[in-house]
Amino acid sequence: MVEQFAGAFADERIEKTGQNLKYDIAVLKWYDIQVNGPLFDTMIAHYLIEPDLRHNMDFLARTYLQYNPVPIEDLIGKKGKNQSGMRSVELGAQKEYACEDADITLQLRGVFEPMLDHTDTRALFEEIEMPLVRVLAAMESEGVKIDSENLNQFSEQLEKEIREMEQEIYRLAGGTFNIASPKQLGEILFDKMQLSDNPKQTKTKQHSTSEDVLQKLINKHPIIQQILDYRSLTKLKSTYVDTLPLLVNPRTGRIHTSYNQAVASTGRLSSNNPNLQNIPIRTERGREIRKAFVPRNDRFTLLSADYSQIELRLIAHMSGDEAMKEAFRHGLDIHSATAARIYNVEIEDVTREMRRNAKTVNFGIIYGISAFGLSERLNIPRKEAGDIIRQYFERFPGIKKYMDTTIAFARENGYVETIKKRRRYLRDINSGNAVVRGFAERNAINAPIQGSSADMIKIAMINIFEEFNRKKLRSKMILQVHDELVFDVHQEEVETVKPIIERLMKSAIELSIPVEVEMSTGSNWLEAH
DNA sequence: ATAAGCACGC
DNA sequence: GACGTACGTGCTTATA
């Protein structure tokens with residue numbers, strides 16, 4: 001049946017309009033049908049026009065066409081175990097539903113097209129977001145191989161350790177309880193054991209047992225460390241070790257994440273089912289999980305390429321701050337260089353503590369931190385934190401000026417934008433409520449940085465994908481983790497792809513300072529990173 | 001089903 | 001006196 005349309009789908013001259021085209025492309029690929037020609041995705045168009053709103057078709061139809069589409073529940077039943085599939089729906093109803101869907105989508109296209117011009121996002125849409133749809137579809141369908149046997153073994157080991165830890169915690173607490181229940185844990189630690197004089201409370205008046213609260217109590221009682229370790233291990237086991245093997249597709253033998261191109265209001269991608277953008281790396285045990293991500297077979301190797309300090313480089317570029325630009329031009333370790341300036345010492349004389357503080361401030365700058373936030377993170381008095389921030393702005397006046405002008409721009413225009421003109425609207429930027437306004441101000445600083453970084457890696461992905469296709473390489477791009485790309489590379493192509501990846505990542509957006517890309521290969525994701 | 005609290009990533 | 005660092009996804013528990 002569908003073969004009748006294969007010619008039209010493949011025709012370069014025919015533009016394809018749809019709501020979530022990546023899904024349609026994936027389904028058609030299943031029937032060996034290629035989709036060529038320009039794309040117009042209404043979901044993504046609306047994501048650029050109003051990034052913070054919803055982008056599902058029902059919402060769009062109601063908002064822009066004043067029309068309520070026939071709910072899918074009318075055909076396949078309410079959500080739950082009794083819900084059927086589209087295949088079991090009577091043909092006439094299927095036809096009505098499908099035609100309405102297509103009709104609405106085409107009407108939405110008519111509404112959104114002029115809006116792309118009015119918001120100055122047409123180039124972003126046509127040159128970045130639409131070409132990226134095909135790239136993501138290909139990465140998803142490619143998938144990544146994991147070593148399930150290894151994970152299953154690791155699971156048994158974790159199981160044992162968790163059981164032992166449980167017993168030890170019960171012994172230290174003088175009784176059994178559900179350690180995974182923050183409510184019960186809070187009662188044990190703070191009511192029964194009295195481990196704090198003024199326990200911090202959550203908004204529902206429970207005792208907070210969050211990581212930073214427990215971290216401060218770590219010297220009060222040995223149970224605290226045990227609980228932190230217990231939390232960390234059960235998290236690894238239930239979220240990754242036990243779950244990933246279940247998600248291996250039986251047809252391909254690989255794991256296929258799904259990238260969402262229209263959820264993060266800054267322009268980043270997100271990943272789910274499973275989320276492959278939050279695979280552990282910080283702890284020793286966590287790294288075991290990365291080892292389970294492997295090349296497709298022994299003729300391939302994994303290659304990871306990441307942007308080094310891309311967000312700070314973008315701040316340096318966008319703010320034009322000469323001191324920070326100089327640091328990057330000289331290829332200095334940016335956190336040490338920052339420490340040298342704020343503590344007014346030579347870079348060789350920067351201590352580990354000075355560097356650690358400077359690093360926290362640099363991250364704080366990206367997120368719009370306060371003196372209180374910095375003091376909490378560095379565990380130093382608020383006044384000291386305030387001094388560090390003052391000194392920072394004095395020694396990097398361009399950064400201070402950039403932050404002020406960005407907030408002023410937001411107040412004036414009601415939005416901020418990235419290098420590639422991606423917008424984020426900040427409706428609370430002129431709020432009389434200081435808390436609400438503060439939140440908008442932090443978004444005003446963060447969104448252009450995080451969003452420009454997203455613009456840049458998206459451009460790199462498109463260019464790399466197209467170059468690999470032109471050169472008919474067997475190697476494939478398989479993962480994106482915000483500032484990192486992972487490739488499954490054929491051994492014979494390693495020396496071919498390395499310079500391509502490096503060049504196209506560096507040149508995606510030209511900055512006034514050097515861009516650095518770190519690359520390495522290995523027999524698993526941990527070795528390659 | 002949904003919210004809360006927590007932990008993983010960048 | 002309250003507030004206090006951006007963006008996500010997903011697990012378990014507790015409650016409706």
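A, B, ... follow the sequence lines: proteins, then strands. Residue 1 opens every chain.
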Under 4.0 Å from any atom of DNA chain C, heavy atoms only: list the residues of residues 424-443 of chain A that qualify, in numerical order.
-> A:R424, A:F439, A:R442, A:N443
Dump the intermediate steps for side chain to side chain donor-acceptor pair (under 3.5 Å) on A:E311 and A:Q450, then the final yes or no.
-> CA-CA 7 Å; A:E311 293 193 340; A:Q450 193 179 112; 4.8 Å; no
Report which part of the nucleic acid [X] touches: base, sugar-phosphate, or nothing (heavy-atom distance under 4.0 Å, all strands).
X      : result
A:S453 : nothing
A:N273 : sugar-phosphate
A:I279 : sugar-phosphate

Presence of [X] side-chain N/O under 4.0 Å of [N] phosphate oxygens OP1/OP2:
X      : N      : value
A:S181 : C:dA14 : yes
A:N178 : C:dT13 : yes
A:T239 : C:dG10 : no
A:R268 : C:dC7  : no
A:Q184 : C:dA14 : yes
A:T204 : B:dG5  : yes

Side chain of [X], heavy atoms from C-beta onward: which of [options] has the nearest atom to it?
X      : options               : answer
A:R231 : B:dC10, C:dG4, B:dC6  : B:dC6
A:S265 : C:dT12, B:dC10, C:dG8 : C:dG8
A:T202 : B:dC10, B:dC6, C:dT12 : B:dC6
A:S232 : B:dC8, C:dG4, C:dG10  : B:dC8
A:L236 : C:dT12, B:dC8, B:dC10 : B:dC8
A:T209 : C:dA6, B:dC8, B:dC6   : B:dC6
A:S238 : B:dC10, B:dC8, C:dC11 : C:dC11
A:Y240 : B:dG9, B:dC8, C:dT12  : B:dC8
A:N278 : C:dA6, C:dG8, B:dC6   : C:dG8
A:R282 : C:dA6, B:dC8, B:dC6   : B:dC8

Under 3.5 Å: donor-acceptor pair, side chain of A:N413, backbone of A:F409 = yes
Just by distance, do the side chain of A:D488 and the backbone of A:K476 share a donor-acceptor pair under 3.5 Å?
-> no
Counting heavy atoms not belonging to A:K359, are there more than 12 under 6.0 Å from its NZ?
-> no
Evaluate whether atom CD of A:E156 has more than 12 neighbouring non-hydrogen atoms of other residues, nucleotides or ligands under 6.0 angstrom away.
-> no
Salt bridge between A:D387 and A:R390, side-chain N to carboxylate O under 4.0 Å?
-> yes
Trace of the side chain to side chain contact (heavy atoms under 4.5 Å, CB included) decision for A:E384 with A:L378 = CA-CA 10 Å; A:E384 220 174 288; A:L378 291 176; over 6 Å; no
Starting at [atom1] of [X] and ending at [atom2] of [N], how long is that distance when rounded to a whole Å?
X      : N      : atom1 : atom2 : result
A:R382 : C:dG4  : CZ    : C1'   : 8 Å
A:Y259 : B:dG9  : OH    : C1'   : 13 Å
A:L185 : C:dT12 : CG    : P     : 17 Å
A:L485 : B:dC10 : CG    : C1'   : 13 Å

Parallel under 30°, tilted from 30 to 60°, perpendicular over 60°: which one fits the rings of A:H335 and A:F363?
-> tilted
Select from A:L374 and A:S270 the residue whose nearest nucleotide in DNA chain C is closer to the 5' end of that strand.
-> A:L374
C:dC3 pairs with, by Watson-Crick or G-U criteria that keep both distances under 3.5 Å | none
Look at the side chain of A:E211 against the base of B:dA7 and say whether a donor-acceptor pair falls under 3.5 Å; ignore hydrogens and angles.
-> no
